[in-house]
Peer 1: 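Below is the structure I would like to discuss, written out as structure tokens.
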Amino acid sequence: MTDRAPGPRGNGVQIAPSILSADFAELGRDIAAVERGGADLIHIDVMDGHFVPNITIGPAVVRAIKRVATRPLDVHLMIEQPERYVDDFLTAGASMLSVHVEACRHLHRTIAHIRSRGAKAGAVINPSTPAAALEAIAADLDFVLVMSVNPGFGGQEFIPQSLDKLRRVRDVLDRAGSHAPIEIDGGIDARNAPAVVAAGASILVAGHAIFSAADPAAATRALRAACTATATHDRHQS
Ligand code: DX5
Ligand code: ZN
């Protein structure tokens with residue numbers, strides 16, 4: 001079994017700031033700030049205005065980000081028929097590439113192709129998509145991305161049912177013999193970080209919680225500290 005998504009540092013949790021909430025006129029500055037804050041990954045949201053009601057960026061901007069980022073690029077494709085653009089985003093520099101099960105007609109072939117090019121392949125499920133949708137592909141994934149908001153915009157409220165979804169996804173992966181990590185995406189902040197980590201997430205995406213802060217580097221550190229505090233708290237409890 002190949003190794004999975006890039007390994008976590010410290011307490012086993014990875015922080016992936018989402019640049020959707022960054023200043024698009026200052027992406028280099030904002031990415032440098034979260035990297036100073038210890039970001040493990042840079043989460044890049046690609047939207048086509050069809051799969052989700054918003055349009056963001058394409059491979060050209062990912063190529064530009066690749067020139068300035070020092071951390072792996074975690075590219076989240078919220079686009080119809082993502083298989084059409086997988087190679088463009090891999091060539092642009094994606095280290096992790098995730099496609100929505102709701103948008104990808106030939107998911108097994110697409111996941112295999114991403115991996116054949118040496119990147120980590122992830123499947124994404126929306127809030128209304130059951131964890132069972134991953135059963136047939138679970139053993140082939142490097143990670144799962146669980147949406148805790150309806151995709152398309154940053155700054156939305158965390159959907160509480162996502163905690164149960166995390167546990168169900170972990171169960172599907174475990175039953176498939178997969179150690180693939182689970183990434184949680186949408187409405188994550190220092191308040192709910194302990195609960196999502198306890199429910200099975202080990203990669204936390206955060207856009208608004210980090211880039212709306214006066215100091216995104218400090219906000220990145222604070223998000224990781226919130227998870228570490230959980231781990232410490234749990235240890236004292238056991
Ligand atoms: C939403 C994106 C998320 C979003 C997270 O469609 O996939 O990555 O940017 O942003 P926050 O943390 O603001 O919900
Ligand atoms: Zn995302």
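We count residues from 1, following the sequence as given. Indexing begins at 1, ligand by ligand and atom by atom, following the structure's order. Keep in mind that the numbers below use all heavy atoms, side chains included, and drop hydrogens, waters and symmetry copies.
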Peer 1: Heavy-atom contacts with Val205 under 4.0 Å: which atoms of ligand 1 show up? List them by number with element.
Peer 2: 8 (O)

Peer 1: Counting only nitrogen or oxygen atoms and a 3.5 angstrom limit, does Gly154 reach ligand 1?
Peer 2: no

Peer 1: Would you indicate whether the side-chain heavy atoms of Glu135 and Arg175 approach each other to under 4.5 Å?
Peer 2: yes

Peer 1: May I ask you to determine how many protein N/O/S atoms are under 2.8 Å from the Zn ion (ligand 2)?
Peer 2: 4

Peer 1: Determine whether the side chain, the backbone, both or neither of Pro151 has a heavy atom under 4.0 Å from any heavy atom of ligand 1.
Peer 2: both

Peer 1: Distance check, rounded to the nearest 0.5 Å: Asp164 atom CG versus Ile159 atom CD1?
Peer 2: 13.0 Å

Peer 1: How about Thr220 and Arg36: does a side-chain donor come under 3.5 Å of a side-chain acceptor?
Peer 2: no

Peer 1: Any N or O of Gln156 that comes nearer than 3.5 Å to an N or O of ligand 1?
Peer 2: no

Peer 1: To which protein heavy atom is atom 14 (O) of ligand 1 closest, and what is the distance rounded to 0.1 Å?
Peer 2: Gly187 N, 2.8 Å

Peer 1: Quick one: do the Ser18 and Asp45 side chains pair a donor with an acceptor below 3.5 Å?
Peer 2: yes

Peer 1: Give the atom numbers and elements of ligand 1 that come within less than 4.0 Å of a heavy atom of His43.
Peer 2: 8 (O)

Peer 1: Check whether the side chains of Asp87 and His113 place a donor and an acceptor atom closer than 3.5 Å, and report yes or no.
Peer 2: yes

Peer 1: Starting from atom 6 (O) of ligand 1, what is the nearest protein heavy atom, named by residue and atom, and what distance separates them?
Peer 2: Gly152 N, 2.7 Å

Peer 1: Can you list the steps and then say if Thr129 with Val101 is a side-chain contact (heavy atoms from CB on, under 4.5 Å)?
Peer 2: CA-CA 9 Å; Thr129 302; Val101 300; 3.9 Å; yes

Peer 1: Can you list the atoms of ligand 1 that are under 4.0 Å from a heavy atom of Leu20?
Peer 2: 9 (O)

Peer 1: To the closest 0.5 Å, what do you measure between CD1 (Ile44) and NZ (Lys66)?
Peer 2: 9.0 Å

Peer 1: Distance under 4.0 Å to a non-hydrogen atom of Asp45: what atoms of ligand 1 satisfy this?
Peer 2: 2 (C), 3 (C), 4 (C), 7 (O), 8 (O), 9 (O)

Peer 1: Could you tell me which atoms of ligand 1, counted from 1 in the order shown, lie closer than 4.0 angstrom to a heavy atom of His76?
Peer 2: 7 (O)

Peer 1: Who are the side chain to side chain contact (heavy atoms under 4.5 Å, CB included) partners of Val52, not counting sequence neighbours?
Peer 2: Met47, Met78, Pro151

Peer 1: What verdict does the salt bridge (charged side-chain N to carboxylate O under 4.0 Å, His left out) test give for Asp74 and Lys120, after you've listed the backbone C-alpha separation in whole Å, the side-chain angles of each residue and the deciding distance to 0.1 Å?
Peer 2: CA-CA 9 Å; Asp74 166 29; Lys120 302 299 180 194; over 6 Å; no

Peer 1: Give yes if a backbone or side-chain nitrogen or oxygen of Gly155 is under 3.5 Å from a nitrogen or oxygen of ligand 1, and no if not.
Peer 2: yes

Peer 1: Looking only at protein heavy atoms, which one is nearest to atom 1 (C) of ligand 1, and how far off is it?
Peer 2: Phe153 O, 3.6 Å

Peer 1: So if I count the atoms of ligand 1 from 1 in the order they appear, which ones are less than 4.0 Å from some heavy atom of Met147?
Peer 2: 7 (O)

Peer 1: With respect to Phe158, which candidate in Leu163, Val149, Asp189 satisfies the side-chain contact (heavy atoms from CB on, under 4.5 Å) definition?
Peer 2: Leu163

Peer 1: What is the closest protein heavy atom to atom 5 (C) of ligand 1, and at what distance does it sit?
Peer 2: Asp185 OD1, 3.5 Å

Peer 1: Can you list the residues that meet the salt bridge (Lys or Arg N to Asp or Glu O under 4.0 Å) rule with Arg221, with sequence neighbours excluded?
Peer 2: none

Peer 1: Which residue pairs pass the ring pair (Phe, Tyr, Trp, His ring centres under 6.0 Å) test when at least one of the two sits in residues 26-46, sequence neighbours left out?
Peer 2: His43-His76

Peer 1: Which atoms of ligand 1 sit under 4.0 Å from any heavy atom of Gly186?
Peer 2: 14 (O)

Peer 1: Would you compute the distance between atom CD of Gln156 and atom CE of Met147 and round it to the nearest 0.5 angstrom?
Peer 2: 8.0 Å

Peer 1: Considering the heavy atoms of His208, write down every atom of ligand 1 situated less than 4.0 Å from one of them.
Peer 2: 11 (P), 12 (O), 13 (O)

Peer 1: I need the nearest protein heavy-atom contact for atom 12 (O) of ligand 1: residue, atom name and distance, please.
Peer 2: Gly207 N, 2.7 Å

Peer 1: Would you say that Ile182 contacts Phe143 through its side chain, given a criterion of any heavy-atom pair below 4.5 Å between the two side chains?
Peer 2: no

